[in-house]
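These notes are about the structure you will find just below.
Residue numbering restarts at 1 for every chain, and letters A, B, ... go by the order of the sequence lines.
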There are 2 protein chains.
Amino acid sequence: MFKIGEIAKQAGVTTRTLRYYEQLGLFVPSNVNTNGYRYYNDDTLVVINRIRDLQRVGLSLEEIKDVIGLYFHQKKKVEAKEKTLNYLQVHLNDIDSKITLLNNVKKELKEQIQSTQSRLVQLKEKGRKNGGSKN
Amino acid sequence: MFKIGEIAKQAGVTTRTLRYYEQLGLFVPSNVNTNGYRYYNDDTLVVINRIRDLQRVGLSLEEIKDVIGLYFHQKKKVEAKEKTLNYLQVHLNDIDSKITLLNNVKKELKEQIQSTQSRLVQLKEKGRKNGGSKN
DNA sequence: ATTAACCTTATCGTTAAGGTGAAAGTAGGA
DNA sequence: TCCTACTTTCACCTTAACGATAAGGTTAAT
């Protein structure tokens, strides 16, 4: 059991951020002392990291709130399960389209790098032939 | 040549958004009339779409500003070229790590879907055998 | 028992990415 | 010419995701 400052440090976030996440309903402390101190275990660390990952790839905390539970507890009733299933599918599609997007960007970047590199080589060769000055 | 409202419509954004992008230095109108009216051509449409794509995958407009030019004009001096090259590489690495992240999420989602689905089937079979009630 | 280093809630501030509306100038079709 | 539907700048408003600071309680080692 870690106090808030400790997991904050381990997770590389501030305590403010953790309390904010809690306020949004992203998770709750593993337990709360009578004096109000929050205590967490390693599980929370995993959750925090997942949240950060999802943020990095463009999800808002609200969106994350909607999906974060899907990863971390699956004891549900039948109706809930079918709803969850739908949600997972939609989320999966969204992710797939993002991957596609990123791959496109990646491809163009690679082409740019190629062409930039070869133009650089050309320029340098030209520079070696004549005394080299302009450009 | 389109007026601002027209490409806005074509791009699926508001005119405010376009002026805001311009203000941030993401692009300039293809030309500006003496009365202040902005006019754009199809090239701008491509740029806008690229910006939106990059936003979708988690880049801020400031970050986008830094890279957007790399796609759309490559007449530069040698020093500039080498700097650009570095930037492209860094950007590429970032994108690669995002793709990796998304693929991880995707994998876990698929597993979740699998297990959720099979548990659903189990529950339904159970429901068929006995009169079915709880869960 | 004191003290440094934690923790609590509460509130105000900040940045990004626009939305919204005012007041005024234009375009172009009837 | 006139009217409607644009367009301009300016300024204030909003939401998300925290940062910063205040004012006070707690812990644990000395």
Review point. Does A:Arg19 or B:Tyr21 map to a spot on DNA chain C nearer the 5' end, using the closest nucleotide for each?
Key: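 Result of the comparison: A:Arg19.
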Exercise for review: Would you mind telling me which residue lines up with the more 5' stretch of DNA chain C, B:Leu24 or B:Asn33, judged by nearest nucleotide?
Suggested key: B:Leu24
Review point. Is there a donor and acceptor pair, one atom on the side chain of B:Tyr37 and one on the base of C:dG25, closer than 3.5 Å?
Key: yes
Point to revise | Distance, nearest 0.5 Å, that separates CG of A:Leu61 from CG of A:Leu54 | key: 10.0 Å
Atom [atom1] of [X] and atom [atom2] of [N]: how far apart are they, to the nearest Å?
| X | N | atom1 | atom2 | result |
| --- | --- | --- | --- | --- |
| B:Ile4 | D:dT9 | CD1 | P | 9 Å |
| B:Lys3 | D:dT4 | NZ | P | 17 Å |
| A:Leu61 | D:dA17 | CG | P | 4 Å |
| A:Lys9 | C:dC7 | NZ | P | 11 Å |
| B:Tyr20 | C:dT20 | OH | P | 16 Å |
| A:Ile7 | C:dC7 | CD1 | P | 10 Å |
| B:Gln23 | D:dT8 | CD | C1' | 14 Å |
| A:Tyr39 | C:dC7 | OH | P | 9 Å |

Practice item. Could you tell me whether the side chains of A:Thr17 and A:Thr14 share a donor-acceptor contact shorter than 3.5 Å? Key: yes
Hey, does the side chain of [X] come within less than 4.0 Å of [N]'s phosphate (OP1/OP2), counting only N and O?
| X | N | result |
| --- | --- | --- |
| A:Arg16 | C:dC12 | no |
| B:Arg52 | C:dG18 | yes |
| A:Arg38 | C:dC7 | no |
| B:Thr14 | C:dG19 | yes |
| B:Thr17 | C:dG19 | yes |

Check your understanding: Are any of the side-chain nitrogens in B:Asp53 or A:Lys98 under 4.0 Å away from the carboxylate oxygens of its partner?
Key -> no
Point to revise | Under-4.0 Å salt bridge between A:Glu108 and B:Arg50 | key: yes
**Study point:** Side-chain heavy atoms of A:Pro29 within contact of A:Tyr40, under 4.5 Å
**Key:**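 Yes - at least one pair of side-chain heavy atoms lies under 4.5 Å apart.
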Review point. Of all the choices, C:dG18, D:dA20, C:dA27, which nucleotide is nearest to the side chain of B:Asn35 once you look at every atom?
Key: C:dA27
**Study point:** Nucleotide nearest B:Gln55 (side chain, heavy atoms from C-beta), chosen from D:dG19, C:dA27, C:dG18
**Key:**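 My answer, after comparing the listed nucleotides, is C:dG18.
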